[in-house]
Amino acid sequence: MSLVKLTIKGISYSQTQNGAYALILNEVDGERNLPIVIGAFEAQSIAIALEKEIKPPRPLTHDLFKNFADRFDIVVKQVIIHKLVDGVFFSSIICERDKIEEIIDARTSDAIALAIRFNAPIFTYKNILDKAGIYLKLNPSEKEDEENEDDVLSEPETFGEETSTKINPDDYSHYTLEELYQKLDEAVQNEDYEKAAKIRDEISKKES
């Protein structure tokens with residue numbers, strides 16, 4: 001299976017799920033985006049890592065892992081989002097120490113938070129992107145302004161308990177495929193990526 005390289009497009013606050021955020025990943029050589037619902041703590045950690053000007057007074061959990069790894073010469077080489085089951089993304093962290101490579105299972109949000117700190121590339125498999133990727137339809141004026149947007153849309157103001165990354169599609173189970181595709185387009189247009197992710201998973205469920 002071929003790997004597809006991803007970059008972080010931004011973080012969007014969930015409009016329907018309190019304390020949750022949608023992390024938007026974008027394929028490097030394409031137009032598809034991969035929205036992943038993450039918790040507030042992970043959103044904070046990713047946002048701080050992306051915003052180089054923000055330096056927390058004490059190391060966050062992912063900063064501590066980075067410091068620990070540096071002390072013992074452990075390098076994170078890459079992160080791979082390798083599986084999608086019932087709306088849950090599974091990831092692996094590829095590490096190396098003394099020329100010995102190890103693969104560590106991790107939640108996708110944690111893996112990406114570490115990838116940023118190690119400047120490690122993020123990949124997923126083509127079949128996952130084919131199944132879960134969505135296209136963001138932009139107007140010409142929006143395309144011109146796209147490069148001027150911050151990677152982090154906003155720094156989270158409050159941080160609660162971790163929200164599960166599992167997306168529950170039950171609210172959309174009674175819609176037809178045609179209605180779901182229409183609602184997916186509306187969610188994307190409204191930049192409600194968390195809702196778009198839920199609808200996308202229900203579409204995948206119906207088409208499987």
Side-chain angles (χ1 to χ4, degrees), residues 1-11 20-30 32-52 54-133 151-152 156 159-167 193 197 200-201 204:
M1 290 183 289
S2 59
L3 288 172
V4 179
K5 189 174 183 180
L6 303 170
T7 59
I8 298 175
K9 185 178 180 66
I11 300 174
Y21 293 76
L23 171 67
I24 313 301
L25 303 176
N26 175 249
E27 63 175 327
V28 172
D29 297 320
R32 288 175 295 183
N33 292 264
L34 192 66
I36 301 174
V37 179
I38 63 175
F41 172 78
E42 290 77 15
Q44 177 199 34
S45 182
I46 291 171
I48 288 176
L50 288 172
E51 183 52 67
K52 303 301 182 183
I54 300 177
K55 298 292 182 184
R58 301 293 296 164
L60 300 176
T61 302
H62 298 108
D63 297 321
L64 178 61
F65 185 97
K66 174 66 162 59
N67 295 338
F68 182 90
D70 289 344
R71 184 67 59 89
F72 291 95
D73 297 321
I74 300 170
V75 177
V76 172
K77 297 179 64 179
Q78 62 184 7
V79 164
I80 301 177
I81 304 172
H82 63 84
K83 186 167 64 174
L84 172 62
V85 179
D86 295 332
V88 180
F89 292 88
F90 293 78
S91 294
S92 296
I93 301 173
I94 314 300
C95 303
E96 185 178 86
R97 180 174 183 266
D98 295 334
K99 297 183 179 180
I100 298 175
E101 190 172 277
E102 298 286 348
I103 301 176
I104 300 175
D105 181 52
R107 296 186 307 169
T108 298
S109 54
D110 289 329
I112 291 175
L114 290 174
I116 300 170
R117 287 164 169 80
F118 282 89
N119 293 318
I122 303 167
F123 296 93
T124 191
Y125 289 109
K126 183 178 180 298
N127 65 321
I128 293 178
L129 197 58
D130 289 341
K131 180 179 180 182
D151 283 340
V152 182
F159 308 100
E161 296 181 355
E162 178 185 348
T163 302
S164 171
T165 58
K166 185 173 182 178
I167 301 171
Y193 304 123
R200 174 206 62 202
D201 289 334
S204 297

- Item | Closest contact, heavy atoms only, Ala113 versus Ser45 | CB-OG, 4.0 Å
- Task: Report the relative orientation of the aromatic rings in His82 and Phe90; use parallel for angles under 30°, tilted for 30 to 60°, perpendicular for over 60°.
- Result: tilted
- Task: Would you indicate whether the side-chain heavy atoms of Leu34 and Ile24 approach each other to under 4.5 Å?
- Result: no
- Task: Using atom types as modelled and distance alone, determine if a side-chain donor or acceptor of Glu27 lies under 3.5 Å from a backbone N or O of Arg32.
- Result: yes
- Message: I want to check something: taking the side chain as every heavy atom from C-beta on, are Leu25 and Ile8 in contact at a cut-off of under 4.5 Å?
- Response: yes
- Task: Apply side-chain contact (heavy atoms from CB on, under 4.5 Å) to Asn67 and Arg71, showing your working.
- Result: CA-CA 6 Å; Asn67 295 338; Arg71 184 67 59 89; over 6 Å; no
- Heavy-atom pair of closest approach, residues Glu42 and Ile38: C-CD1, 4.2 Å
- Message: Could you check whether Lys77 pairs with Glu101 (Lys NZ or Arg NE/NH1/NH2 to Asp/Glu carboxylate O, under 4.0 Å)?
- Response: yes
- Query: Is there side-chain contact between Ile112 and Ile122, with at least one heavy-atom pair below 4.5 Å?
  - Reply: yes
- Could you pull out the closest heavy-atom pair between Leu114 and His62, with the gap in Å? CD2-O, 3.7 Å
- Message: Does Val75 form a side-chain contact (heavy atoms from CB on, under 4.5 Å) with Arg97? I'd like the steps, not just the answer.
- Response: CA-CA 7 Å; Val75 177; Arg97 180 174 183 266; over 6 Å; no
- Got a second to check how far Lys126's NZ is from Leu3's CG, nearest 0.5 Å? 12.5 Å
- Message: For Ile103, is the CD1 atom crowded, meaning more than 12 foreign heavy atoms sit under 6.0 Å from it?
- Response: no
- Query: Is the shortest heavy-atom distance from the side chain of Cys95 to the side chain of Ile104 under 4.5 Å?
  - Reply: yes
- Between Ile11 and Ala47 the two heavy atoms that sit nearest each other are CD1-N, 4.1 Å
- Query: Quick one: does Ile46's side chain get under 4.5 Å of Tyr21's, heavy atoms only?
  - Reply: no
- Note on the structure: On a heavy-atom basis, the closest approach of Asp105 and Ser91 is OD1-O, 3.2 Å
- Heavy-atom side-chain proximity of Ile94 to Val76 below 4.5 angstrom: no
- Message: side-chain contact (heavy atoms from CB on, under 4.5 Å), that's the test. Do Phe118 and Asp70 meet it? Break it down for me.
- Response: CA-CA 10 Å; Phe118 282 89; Asp70 289 344; 4.1 Å; yes
- Message: Can you tell whether the side chains of Arg117 and Asp63 come within less than 4.0 Å, N to carboxylate O?
- Response: yes
- Message: Contact between Ile80 and Gln78 at the side-chain level, heavy atoms closer than 4.5 Å - yes or no?
- Response: yes
- Do Lys83's NZ or CZ and the ring of Phe89 fall within the cation-pi criteria of under 6.0 Å and 45°? no
- Reported CD-to-OG1 distance for the pair Gln44 and Thr61, which is rounded to 0.5 angstrom: 9.5 Å
- Query: For the side chain of Thr124 and the backbone of Ile81, is there at least one donor-acceptor N/O pair under 3.5 Å apart?
  - Reply: yes
- Item | OG1-CD1 distance between Thr108 and Ile36, expressed to the nearest 0.5 angstrom | 5.0 Å
- Item | Heavy-atom side-chain contact between Val4 and Phe123 under 4.5 Å | no
